[in-house]
Amino acid sequence: MHETYDPVAVEAAAQRHWDSAGTFRALEDPGREKYYCLSMFPYPSGRLHMGHVRNYTIGDVISRFMRMQGRNVLQPMGWDAFGLPAENAAMANGVPPARWTYENIATMKRQLQALGFGLDWSREVTTCRPEYYRWNQWLFLRMLEKGIAYQKTGTVNWDPVDQTVLANEQVIDGRGWRTGALIEKREIPMYYLGITAYAEELLGALDGLEGWPERVRTMQANWIGKSEGVTIAFPYRLGEEARTLKVFTTRADTLFGVTFVAVAAEHPLAAHAAALDPALAAFVEECKRGSVMEADLATLDKRGMATGLSVTHPLTGAAVPVWVGNYVLMGYGEGAVMGVPGHDERDFAFARKYGLPIRQVIDVGGQPYSGERWQSWYAEYGRCVGSGRYDGLDHAAAVAAIAADLEARGLGARQVQWRLRDWGISRQRYWGCPIPLIHCTGCGIVPVPDQDLPVVLPEDLVPDGSGNPLAKLQSFVACRCPRCGAAARRETDTMDTFVDSSWYFLRYACPGNDAAMVDARANYWLPADQYIGGIEHAILHLLYSRFWTRVMRDLGLVGVSEPFQNLLTQGMVRNAIYFRKPATGRVAYFNPADVEVLTDAKGQVTGARLKADGQPVESGGIGTMSKSKNNGVDPQAFIDRYGADTARLFMMFAAPPDLSLDWSDEAAEGASRFLKRLWRAVHAHVTAGPTPALDPAALSATDRALRRLAHQTLAKVTDDYGRRRTFNTAIAAVMELLNAITRHDASTPVARAVVHEALEFAVLGLSPVVPHITHALWHALGHPRAVIDEPWPAADPAALVQEAVELVVQVNGKVRSRIQVAVDAGEDAVRAAALADPTVQRFVGAQTVRKVIVVPGKLVSVVAH
RNA sequence: GCGCGCGUGGCGAAACUGGUAGACGCAGCGGACUUAAAAUCCGCAGCCGCAAGGCAUGGGGGUUCGAGUCCCUCCGCGCGCACCA
C-alpha cells in the first residue's frame with residue numbers, strides 16, 4: 001500500500017477492475033429481486049455540468065448500496081439527443097446538428113466513465129438514432145388508429161421576418177431573438193395526443209404514488225386541475241344565423257352578476273366586428289402580437305375593447321356586451337370567458353378600468369359591499385342576492401338550480417373541466433423525430449405504412465434560422481402516396497422532444513430488439529424502483545411519461561401503469577453571481593472563479609473584485625448555475641485536480657439531495673482532505689503489523705465504546721442510504737467514526753482488532769459514495785474480494801448495548817440540568833432522580849411542582865408554579 | 001399573475017415521530033511540528049455578559065409542560081407555467 005493517496009492511479013485501477021469483471025452488466029434473472037435505478041438522461045449539450053454530476057452520483061450511491069444489499073441492479077444511461085440547442089449550435093458554427101450531437105455524446109460519455117458510475121453501457125439509448133425513434137413513429141401511428149392522436153389548430157409564436165416559428169425561449173420581450181421583430185401569434189394545424197382522456201386516471205393514481213414527494217404529487221394534481229362547473233351558452237345572431245357563445249365557469253352561482261363577456265382576438269365574433277370598425281381591427285391586430293406563454297399572459301396588463309356586439313343572457317334575456325380581451329386565448333376552452341366583476345378580482349379590475357357595471361350577487365354574512373374597492377371576501381362562497389328566484393341559495397344549491405334551468409332551455413350543462421390540455425407534439429423544426437405522415441392531394445393525410453418505418457431524418461442538413469430545412473429538401477419531401485401511388489408530400493414537422501423522453505426507460509430494458517418497441521424484459525425491470533432527476537421536471541416530463549406508459553399498457557405492450565415507483569427530486573446546483581452593469585449596454589456576468597471575494601477579520605464578506613483588473617464587481621446573490629449568468633463550474637477541471645471520488649464526496653456531503661446545493665471551492669477542498677485522512681488512517685493501521693481476531697469479551701471500556709460507535713455508525717449509515725436517502729448525514733457519521741478511530745489508543749492487540757473492524761465499517765460505509773478509494777482500501781485491509789462484491793453487513797445488537805444514559809431535565813420548559821440513569825430505570829425512579837437533583841431544586845425553589853413529564857431515554861420536564 | 005417548495009451561526013448544514021438547537025464540515029482564531037512555508041496534528045468558537053444568566057431557527061401572532069418542527073399572517077428566495085431540456 002502506498003503511503004499517500006494518489007487518486008489518478010487508484011481510480012484507474014478500480015475502473016479497470018469493474019470493466020474487466022463486467023461488474024455492472026445487468027442480466028434478467030427471475031430468481032433474483034431486481035432493482036431498477038434510473039436517472040434522468042442528459043441532453044448532450046457538450047460537457048457534463050455539476051447538475052449531472054450530482055444527479056448521477058445520487059443514482060450511483062443508491063445503485064451500489066442496493067447491489068451490496070443483494071439486489072439485481074440495473075443502472076442504465078442514454079442521451080436525450082434531439083432538440084433546439086443542436087440547431088442553435090449549427091447556426092452558430094455551420095456544423096450539422098447530428099455531428100455536433102454525436103461529438104458531444106462522445107465527450108460526455110468519457111466524462112461519465114471517468115466519474116466511475118456503475119452503468120450498464122450495453123443498454124445505452126440515443127434518441128436521435130433511427131433504431132430508437134422509429135418506435136416513436138410506430139406508436140404515434142397506433143395512437144392515430146385509436147384516435148388518441150388527432151389534428152387541430154394550435155397557437156405558435158411567429159417571427160414575420162425569418163418566416164419561422166419560434167420556441168418560447170426564443171421570444172424576448174415579445175420580439176424574435178435573432179430578428180428583433182415583433183412576434184405574432186399564429187394558428188396552424190398541429191398533431192395532438194389526447195392526454196385529457198387519461199386525466200381522471202392520472203389524477204386518481206397520484207394517491208398510490210407513495211414513493212413520490214408530496215409536493216410533486218400536489219403540483220401534478222393542480223396541473224391536471226379537475227374542476228366541476230357549468231358550460232353556459234349565450235345566444236346571439238350573426239346576420240341571419242342564430243349562434244351561441246359558450247363559456248365555462250365554476251361559479252354559475254354568479255351568473256346574474258355577468259356584465260360583459262370577453263372573447264379572444266382570434267374569435268369569429270371579434271373578426272366580424274373588426275371588419276366594420278378600424279379602431280377595433282387595430283386592437284385585434286395588437287392582441288395578436290406578443291408571446292403565447294402563460295406567464296406573460298398572466299402578468300399582462302389586462303386590456304380590452306368593446307365590439308359593439310352583444311349576446312343574450314341565457315336566464316334574464318338581457319343584452320350582455322361583448323368585449324375583445326387581450327388576456328383571452330383562442331386555444332383554451334371556447335376562446336371566451338364571462339365577466340363577473342362583482343366576484344372575480346381580475347374582472348373587477350377590468351370593469352373599473354373600462355367603466356363596466358359591477359353587480360353584487362353573492363352575500364357573505366351581510367358584510368357591506370362596495371364597488372369602489374375590491375375585498376377578498378367578494379370571491380368567497382355565500383348566498384345569492386339580486387339573482388331573482390335563486391336568492392338565498394348557497395353555492396352548491398345555486399349552481400345545481402341554475403345548471404338545471406339552463407339545461408332545460410338547452411343553454412348549458414354541468415361539465416367536468418380539466419386545466420390539463422391535450423399535448424401538442426408538432427414542432428416546425430428539423431432536429432427531431434419526423435412525424436410519419438404523407439399529404440396526398442387525393443387521399444388527404446395518409447399514415448406511412450409500418451413496413452416503411454422508420455422515416456429517417458437526414459443527418460447532414462444545417463438549419464439557417466429561416467424555417468425548417470427539411471421543407472426545402474426535395475429528396476425528403478417528395479414521395480408517393482402509399483394509398484393511391486400519386487406524387488405526394490411528406491410531413492416535415494417533427495415531434496416534441498418530450499416524446500423521446502416519455503419511454504426511454506422502457507427501451508433500456510430491451511436492448512438490441514429491432515423487431516419490437518419493447519418485449520417481456522420490460523416487465524421484469526419495470527417499474528423503475530427509483531427515479532432521480534431535477535425538480536424542474538416535476539410536472540411535464542413526469543406527467544407525459546405516466547401518460548405514455550398507460551397508452552402502451554392499453555396497447556398491450558407493457559404490464560405497468562406507473563413507470564416510476566419512487567421519485568427523488570434533486571435540488572439545483574447553484575453558485576454565486578457577479579456582474580457589472582455599465583451605464584449603457586448589456587450587463588456583463590463574471591465567473592466566480594475569476595472573482596476574488598473580500599472579507600473582514602471575522603470572515604464576513606465585504607465585497608468582491610475581478611482578479612483580472614482588481615476593480616469591484618457587484619454581487620447578484622446565488623443562483624442556479626447557468627450559461628446566461630456565467631456562474632457554472634466545469635466538473636472536468638475539478639476532477640482533473642482532485643479526482644472523481646472527491647467530486648462525488650463533496651456533492652453528497654454538501655447538502656441533502658432534494659435541497660439546492662451551493663458550490664464552494666473551499667468545502668470541496670475539505671472533501672479532498674477527508675479522503676487523504678481516511679487513506680492515512682488505513683495506511684497507519686496496516687503498516688503497524690498484523691491484527692488478531694476480535695474477541696468481544698476481552699475489550700476495555702474505551703474499546704467497547706469505539707466498537708459501539710462503529711456499530712451505531714453502520715446502523716445509521718444503512719438507514720441513511722436505504723430509508724432516508726440523506727447521504728450527507730451518512731458521510732458525517734463516518735467522519736465522526738474516523739475521528740474516534742484516529743483518537744483511539746491502539747497500542748494493544750485487542751484495541752487493534754477493534755480499530756480494524758471500525759475501519760472496515762468506515763470503508764464499507766463510504767464505498768457507495770467514493771467507490772474507487774474504498775476499492776483500494778478494502779484490499780489494503782486484507783480482503784481479496786472487491787468491496788463492491790461484499791454483502792452489506794448488519795450491526796451487531798450486542799455491540800450496541802449501553803449501560804447508562806444521560807437525560808436532560810427541564811424546569812418550566814428550560815434545560816436546567818442533566819442526570820445519569822440506568823438504561824432500564826423505571827419512570828418513578830427517573831422522576832425521583834430528577835427532583836432530587838440540586839440544580840433542579842434550586843430552580844424549583846419555593847414553587848409547587850404541578851406536573852412531571854418523563855420522556856424515556858430523552859428528558860424529564862418539571863412544571864412548577 | 002397563478003401553482004408548489006424553501007428560509008437555522010461568518011458559510012454549507014444537523015436536529016428522522018412536538019422533547020438537549022447548531023452534530024459533521026468550510027472559513028476563522030490559538031498552539032505543536034518545521035530554518036521557513038505547505039501539509040499534518042491538538043485546542044477554541046452562536047450572540048450578549050466577568051459570572052450567574054439572558055437572547056437566539058426570516059418578521060409578527062397562536063396551540064402546547066415543551067415549537068426549527070403544528071396552525072394563521074407577512075416578507076424574502078427558488079422551481080414550474082405547456083415550443084429550453
Side-chain angles (χ1 to χ4, degrees), chain A residues 40 42-43 45 80 83-85 88 154 156-157 165-171 213-216 218-223 225 292-300 346 419-421 423-429 496-498 501 534-541 543-544 569 571-572 574 599-605 621-624 653-656 658-671 673-674 676-677 680 719-720 723-724 726 728-729 731-736 739 742 806-815 818 850-853 855 858-864:
Chain A
M40 289 184 186
Y43 179 79
S45 54
D80 189 11
L84 206 49
N88 295 338
V156 294
N157 302 304
V165 175
L166 296 185
N168 284 336
E169 71 161 9
Q170 296 174 317
V171 179
E214 191 61 47
R215 68 161 153 156
V216 175
T218 308
M219 278 192 266
Q220 291 223 347
N222 289 337
W223 183 263
V292 300
M293 284 174 73
E294 186 174 304
D296 288 345
L297 242 45
T299 50
L300 204 63
R346 285 170 308 167
R419 210 189 76 90
L420 180 68
R421 306 193 299 264
W423 175 13
I425 58 156
S426 295
R427 298 288 180 269
Q428 296 68 44
R429 263 181 258 300
D496 181 3
T497 55
F498 274 125
S501 55
I535 182 67
E536 68 273 21
H537 295 291
I539 297 177
L540 289 180
H541 161 62
L543 192 61
Y544 291 147
T569 51
M572 301 280 141
R574 314 192 304 168
T599 55
D600 64 14
K602 279 191 159 183
Q604 295 240 49
V605 174
I622 292 180
T624 306
F653 181 62
D658 56 328
L659 252 57
S660 59
L661 182 151
D662 298 340
W663 183 259
S664 156
D665 287 319
E666 296 85 1
E669 182 84 41
R673 226 164 15 226
F674 172 70
K676 287 181 198 156
R677 234 157 72 70
R680 270 200 308 276
D719 189 47
D720 284 351
R723 178 183 63 90
R724 294 217 304 153
T726 54
N728 55 328
T729 53
I731 294 163
V734 177
M735 285 175 170
E736 283 184 78
N739 287 342
T742 50
E806 187 183 72
L807 298 189
V808 156
V809 187
Q810 296 184 339
V811 179
N812 290 333
K814 288 190 188 296
V815 177
R818 284 146 211 277
R850 304 276 178 195
K851 205 171 173 186
V852 179
I853 297 148
V855 183
K858 295 265 183 184
L859 58 61
V860 182
S861 182
V862 179
V863 186

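- Distance noted for atom C1' between G31(B) and A13(B): 28 Å (whole Å).
- At the phosphate of C55(B), OP1 or OP2 sits under 4.0 Å from a side-chain N or O atom of Lys814(A).
- On the C1' atoms, A67(B) is 16 Å away from G60(B), given to the nearest whole Å.
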Q) What string of B, S and - do you get for nucleotides 20-26 of chain B, 5' to 3', if B is base contact, S is sugar-phosphate-only contact and - is no contact with any protein heavy atom under 4.0 Å? A) BS-BBSS
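- Within the nucleic acid shown, Trp423(A) has no heavy atom closer than 4.0 Å to any nucleic acid atom.
- Considering only the side chain of Leu659(A), A13(B) comes nearest among C65(B), A13(B), A82(B).
- Listed nucleotides: C84(B), G1(B), C4(B). Nearest to the side chain of Ala167(A): C84(B).
- Within the nucleic acid shown, Val216(A) has no heavy atom closer than 4.0 Å to any nucleic acid atom.
- As judged by a 4.0 angstrom heavy-atom cut-off over every strand, Leu84(A) is placed among residues touching the sugar-phosphate backbone only.
- Applying side-chain contact (heavy atoms from CB on, under 4.5 Å) to Trp423(A) and the options Leu540(A), Asp496(A), Leu543(A) leaves one that passes, Asp496(A).
- Nucleic acid contact for Pro42(A): none, since no nucleic acid atom lies under 4.0 Å from a heavy atom of the residue.
- Taking syn as a glycosidic angle within 90° of 0, G49(B) does not qualify and is anti.
- Comparing the same atom, C1', in A21(B) and in C75(B) gives a spacing of 24 Å after rounding to whole Å.
- For the residue pair Asp720(A) / Thr729(A), a side-chain donor-acceptor distance below 3.5 Å is found, with atom types taken as modelled.
- Residue Thr624(A) is classed as a sugar-phosphate contact, given heavy-atom separations below 4.0 Å to backbone atoms only.
- Residues Asn812(A) and Arg850(A) bring no donor and acceptor atom of their side chains to less than 3.5 Å of each other.
- Remark: Arg419(A) qualifies as a cation-pi partner of Trp223(A) under the 6.0 Å distance and 45° angle criteria applied to the six-membered ring.
- Counting any heavy atom pair closer than 4.0 Å across all strands shown, Phe674(A) reaches no nucleic acid atom.
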